[in-house]
Amino acid sequence: MSADSAPVVTRFAPSPTGALHIGGARTALFNWLFARGRGGKFLLRIEDTDRNRSTPENRQAILDGLTWLGLDWDGEPISQFERASRHAEVAREMLAKGRAYKCFSSQEEIEAFREAARAAGTSTMFRSPWRDVPEANLPDGPYVIRIKAPHEGATTIHDMVQGDVTIGNEQMDDMVLLRSDGTPVYMLAVVVDDHDMGVTHVIRGDDHLTNAFRQKMIYDAMDWDVPVMAHVPLIFGPDGKKLSKRHGATGAAEYQALGYPAAGMRNYLTRLGWSKGDVEYFTDAEARALFDLEGIGRSPARFDTKKLENLSGQHIAAADDAALLHEIEAFLEVNGKTDLSEAQRDGLKRAMYCLKERAKTLPELIEKAHFVLASRPLVADDVAAQHFDSVSRGILSELTPQLQTATWNRDSLEAEVASVAESRGLKLGKLAGPLRAALAGRNVSPSVFDMMLVLGRDETIARLSDAAA
RNA sequence: GGCCCGUUCGUCUAUCGGUUAGGACACCAGGUUUUCAACCUGGGAAGAGGGGUUCGACUCCCCUACGGGCUGCCA
């Protein structure tokens with residue numbers, strides 16, 4: 001951060017009309033990364049002015065989603081609805097400055113105009129007849145406050161992602177700022193809030209790109225500085241269509257429930273639509289240091305579960321054991337699974353070293369941890385049970401006394417097992433099957449030697465005896 | 001309809017007028033192996049189409065096609 005630049009302030013401004021969407025999560029992530037990488041602030045504003053669709057449950061779901069992703073915000077979330085009077089105040093101020101006017105056209109009149117225009121194939125943009133009527137000639141009755149948009153010349157937005165975007169001002173309409181019931185519209189609320197919150201960088205979905213022109217009119221009318229804009233393309237489903245329910249999970253929290261680690265999700269989402277050369281894998285600290293607006297792509301990216309899995313696997317492998325254990329417990333909890341016992345938690349801790357390097361997701365890791373989660377007598381699943389025949393039982397019982405006296409480290413164990421295999425003219429692979437089945441009751445597990453080391457001598461021998469019986 | 005944005009391997013992307021168009025994921029083949037995962041080696045795979053500008057275009061301009069957004073007293 002250069003010394004002379006003002007501190008960065010970004011914000012995420014979701015409407016609480018549903019859970020935290022994957023696209024929203026990435027928008028939030030970009031804002032968070034940008035602010036946190038520059039010692040700035042990341043603020044949260046809940047755009048809850050649509051009273052019919054906004055619910056406290058959704059608000060909480062969004063907060064929970066952000067929390068899961070590790071995106072911490074500064075201060076309390078701001079409710080846009082609660083700031084309505086401030087928004088109205090600004091509309092009045094614009095009126096006083098002559099940058100806005102009272103419009104007495106009724107909604108019926110306007111709708112009739114639009115219908116006629118549609119039928120005639122002409123522009124449906126409504127031009128209010130009240131724009132230049134002197135105050136003295138204004139009637140009594142309900143009115144809306146409209147902005148006095150420039151109708152000549154052109155307006156340019158300097159967007160960090162889209163570049164300079166210009167439209168002719170004949171496209172600008174005198175949008176409503178304050179409804180006839182005195183409530184503010186979204187376009188006004190956003191600008192006033194961003195200004196009052198001191199937002200320096202607006203990073204949001206590119207569905208707002210054309211709104212930026214309307215919003216700029218308000219900044220200009222109020223003589224406020226326009227923040228730096230960055231409109232980032234939306235995320236699409238694997239088929240290139242807008243991400244929707246039929247693509248499967250669309251909510252951030254659903255990915256937690258599916259067992260993706262938050263770090264993997266962050267890495268994947270950061271890299272989706274943003275790049276820095278060939279860097280693919282990075283820690284949070286690296287991401288904060290690397291992230292910039294220049295690296296954001298201009299075209300929509302498709303969501304690819306395979307790559308998410310790959311990155312998730314890398315982050316699981318690199319995770320701190322204790323942190324990973326917490327994440328596993330949170331995963332179990334959101335899936336309504338029962339808590340881990342003290343013994344299970346302890347087993348997981350001891351086995352973590354060999355579990356985390358072979359799982360791409362948390363459920364995969366848990367499946368491989370079965371040998372340490374389950375307790376005797378183990379019930380082998382169908383596939384594993386196929387390893388138990390008279391021959392393999394014989395081998396297992398032959399192995400037991402050897403293990404009784406073996407030094408309990410990897411090399412010795414390997415040697416013991418290898419010698420038993422050799423005495424029978426078998427390859428290690430032949431022996432590993434039944435051994436794994438006896439120790440884990442599953443076909444999928446860590447290496448048999450790792451399991452023996454984690455389980456310890458007594459438990460190992462007990463499980464082999466169980467299986468040999 | 002009008003205005004605006006976008007288009008490089010299957011996917012995410014590098015390239016910022018001169019490269020055999022690079023990397024990652026995925027895929028295929030082979031190897032290693034104790035299951036799963038991982039790992040090693042190799043392979044196929046791209047500039048939407050058409051015009052310009054230029055000594056030279058993936059890079060700049062125009063048109064078309066396709067995709068997306070906005071066009072509300074929704075957010």
Side-chain angles (χ1 to χ4, degrees), chain A residues 13-15 17 47-50 52-54 80 103 105-107 110-111 114 117-118 121-126 142-146 157 159 161-163 165-168 170-173 175-181 183-187 189-190 205-214 231 233-234 236 238 240-242 268 271-281 295 297-311 313 317 355 357-360 364-365 367-368 383-384 387 414 417 427-433 435-437 440 442-449:
Chain A
S15 327
T17 53
E47 305 208 323
D48 51 359
T49 54
D50 185 336
N52 294 323
R53 294 192 297 159
S54 300
Q80 187 161 66
C103 169
S105 298
S106 71
Q107 293 191 62
I110 297 171
E111 195 35 55
R114 290 214 172 95
R118 269 191 291 271
T122 56
S123 170
T124 55
M125 192 188 300
F126 177 69
Y143 61 88
V144 298
I145 295 181
R146 287 183 184 272
I157 293 290
D159 192 275
V161 176
Q162 311 290 342
V165 185
T166 302
I167 66 162
E170 66 281 356
Q171 300 296 325
M172 300 280 217
D173 68 332
M175 64 177 171
V176 170
L177 299 172
L178 214 59
R179 299 185 184 97
S180 49
D181 65 0
T183 58
V185 301
Y186 164 79
M187 217 64 75
V190 167
D206 73 359
D207 48 337
H208 287 289
L209 180 58
T210 49
N211 287 336
F213 291 99
R214 299 189 181 83
H231 288 93
L234 305 174
F236 284 176
K241 303 281 186 198
K242 264 181 78 178
Y268 177 68
R271 189 59 183 58
L272 188 65
W274 172 85
S275 64
K276 189 84 173 178
D278 289 335
V279 197
E280 299 280 351
Y281 171 88
R298 296 146 308 275
S299 54
R302 303 183 191 199
F303 196 87
D304 177 19
T305 310
K306 290 286 192 191
K307 193 143 188 174
L308 204 212
E309 278 182 6
N310 178 276
L311 251 10
L355 292 170
E357 286 183 355
R358 45 212 317 139
K360 288 182 291 199
E364 249 182 64
L365 188 153
E367 184 196 13
K368 287 166 181 174
V383 210
H387 285 287
E414 282 196 38
V417 173
K427 291 185 112 178
L428 176 58
K430 271 292 185 197
L431 223 167
L435 203 44
R436 166 167 294 104
R442 296 290 155 92
N443 242 11
V444 173
S445 79
S447 125
V448 291
F449 302 111

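Chain identifiers are assigned alphabetically (A, B, ...) following the order of the sequence lines, protein sequences preceding nucleic acid strands; residue numbering begins at 1 within each chain. Predicted model only: the values in this text are computed from it and were never measured.
Pairing for B/C55 is with B/G18, a Watson-Crick or G-U wobble pair whose two hydrogen-bonding atom distances lie under 3.5 Å.
Side chain of A/Glu414 to backbone of A/Phe449: no donor-acceptor contact under 3.5 angstrom is found. When atom types are taken as modelled, the side chain of A/Ser15 and the backbone of A/Thr17 share no donor-acceptor pair closer than 3.5 angstrom. Between the side chain of A/Arg179 and the backbone N or O of A/Pro184, at least one donor-acceptor pair lies under 3.5 Å. Put simply, the side chain of A/Arg271 never gets that close to the backbone of A/Glu280: no donor and acceptor are under 3.5 Å apart. A distance-only check finds no donor-acceptor pair linking the side chain of A/Arg146 to the backbone of A/Asp173 [under 3.5 Å]. Checking side-chain atoms of A/Lys368 against main-chain N and O of A/Arg358 turns up a donor-acceptor pair under 3.5 Å.
In this structure, A/Trp274 atom CH2 and B/A14 atom C1' are separated by 13 Å, rounded to whole Å. The CZ-P distance, from A/Phe126 to B/C70, rounds to 23 Å in whole Å. Residue A/Met175 contributes atom CE, which lies 12 Å from atom P of B/A75 at whole-angstrom precision. Rounded to whole Å, atom P of B/G23 lies 14 Å from atom CZ of A/Arg271. To the nearest angstrom, C1' of B/C25 lies 12 Å from CG of A/Leu272. Separating the CZ atom of A/Arg146 from the P atom of B/C73 is a distance of 6 Å, rounded to the nearest angstrom. Taking atom CZ on A/Arg53 and atom C1' on B/C74, their separation rounds to 6 Å, with Å as the unit. At whole-Å resolution of the value, OH in A/Tyr186 and P in B/C73 are 16 Å apart.
Nucleotides B/G42 and B/U32 are separated by 15 Å at their C1' atoms, to the nearest Å. A gap of 42 Å separates the P atoms of B/A57 and B/U71, to the nearest Å. For the P atom pair drawn from B/A46 and B/G22, the interatomic distance equals 11 Å after rounding to whole Å. Going from the C1' atom of B/A26 to that of B/C12 covers 11 Å, rounded to whole Å. Across the P atoms, B/U19 and B/A38 are found 37 Å apart, a figure rounded to whole Å. For the C1' atom pair drawn from B/G50 and B/A65, the interatomic distance equals 10 Å after rounding to whole Å. Separating the C1' atom of B/G18 from that of B/C60 is a span of 15 Å, rounded to the nearest Å. Comparing the C1' positions of B/A48 and B/G43 gives an interatomic distance of 27 Å, to the nearest angstrom.
Every residue meeting the salt bridge (Lys or Arg N to Asp or Glu O under 4.0 Å) condition with A/Glu111, not counting sequence neighbours, appears here in chain and number order: A/Arg118. In this structure A/Asn52 satisfies the side-chain hydrogen bond (donor to acceptor under 3.5 Å, both in side chains) test with no other residue, sequence neighbours excluded.
Residue-level contact check: A/Ser54 touches neither bases nor backbone, having no heavy atom under 4.0 Å from any strand. Among the heavy atoms of the strands lying under 4.0 Å from A/Gly273 are primed sugar atoms or P, OP1, OP2 only; no base atom is included. Residue A/Val144 is classed as a base contact, given a heavy-atom separation below 4.0 Å to a base. At a threshold of 4.0 angstrom between heavy atoms, the contacts of A/Arg442 with the nucleic acid are absent.
At least one side-chain heavy atom of A/Ile167 sits under 4.5 Å from a side-chain heavy atom of A/Met172. Counting heavy atoms from C-beta outward, A/Phe236 and A/Lys242 have side chains that approach closer than 4.5 Å. By the 4.5 Å heavy-atom criterion applied to side chains, A/Arg298 and A/Val161 are counted as neighbours.
A donor N or O paired with an acceptor N or O is found under 3.5 Å between the base of B/A24 and the side-chain atoms of A/Lys307.
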Next item on the list: Summarise protein proximity over nucleotides 28-46 of chain B in one line of letters, 5' to 3': B for base, S for sugar-phosphate only, - for none, counting protein heavy atoms closer than 4.0 Å.
Entry: ------BBBB---------
Check: If the sugar-phosphate is the primed atoms plus P, OP1 and OP2 and the base is the rest, what is the B/S/- string for nucleotides 3-10 of chain B, using protein heavy atoms under 4.0 Å?
Finding: SSSSS---
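Take the nearest nucleotide of RNA chain B for A/Leu308 and for A/Lys276: the residue whose nucleotide is more 5' is A/Lys276. The residue among A/Ser275 and A/Lys242 whose nearest nucleotide of RNA chain B is located toward the 5' end is A/Ser275.
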Every protein N/O lying under 3.5 Å from an N/O of nucleotides 19-22 of chain B:
| from | atom 1 | to | atom 2 | distance (Å) |
| --- | --- | --- | --- | --- |
| B/G22 | N2 | A/Asp278 | OD1 | 2.8 |

Between protein and nucleic acid, restricted to nucleotides 58-66 of chain B and to nitrogen or oxygen atoms under 3.5 Å apart, what atom pairs and distances do you find?
none

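Residue A/Ser180 places no side-chain N or O under 4.0 Å from the OP1 or OP2 atom of B/C73. An OP1 or OP2 oxygen of B/C70 is reached within less than 4.0 angstrom by no side-chain nitrogen or oxygen of A/Arg214.
At a threshold of 4.0 Å, the pair A/Asp304-A/Lys307 does not count as salt-bridged, since none of the basic side-chain nitrogens sits closer than that to a carboxylate oxygen.
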Next item on the list: Show your reasoning for whether side-chain contact (heavy atoms from CB on, under 4.5 Å) applies to A/Met175 and A/Val185.
Entry: CA-CA 9 Å; A/Met175 64 177 171; A/Val185 301; 5.9 Å; no
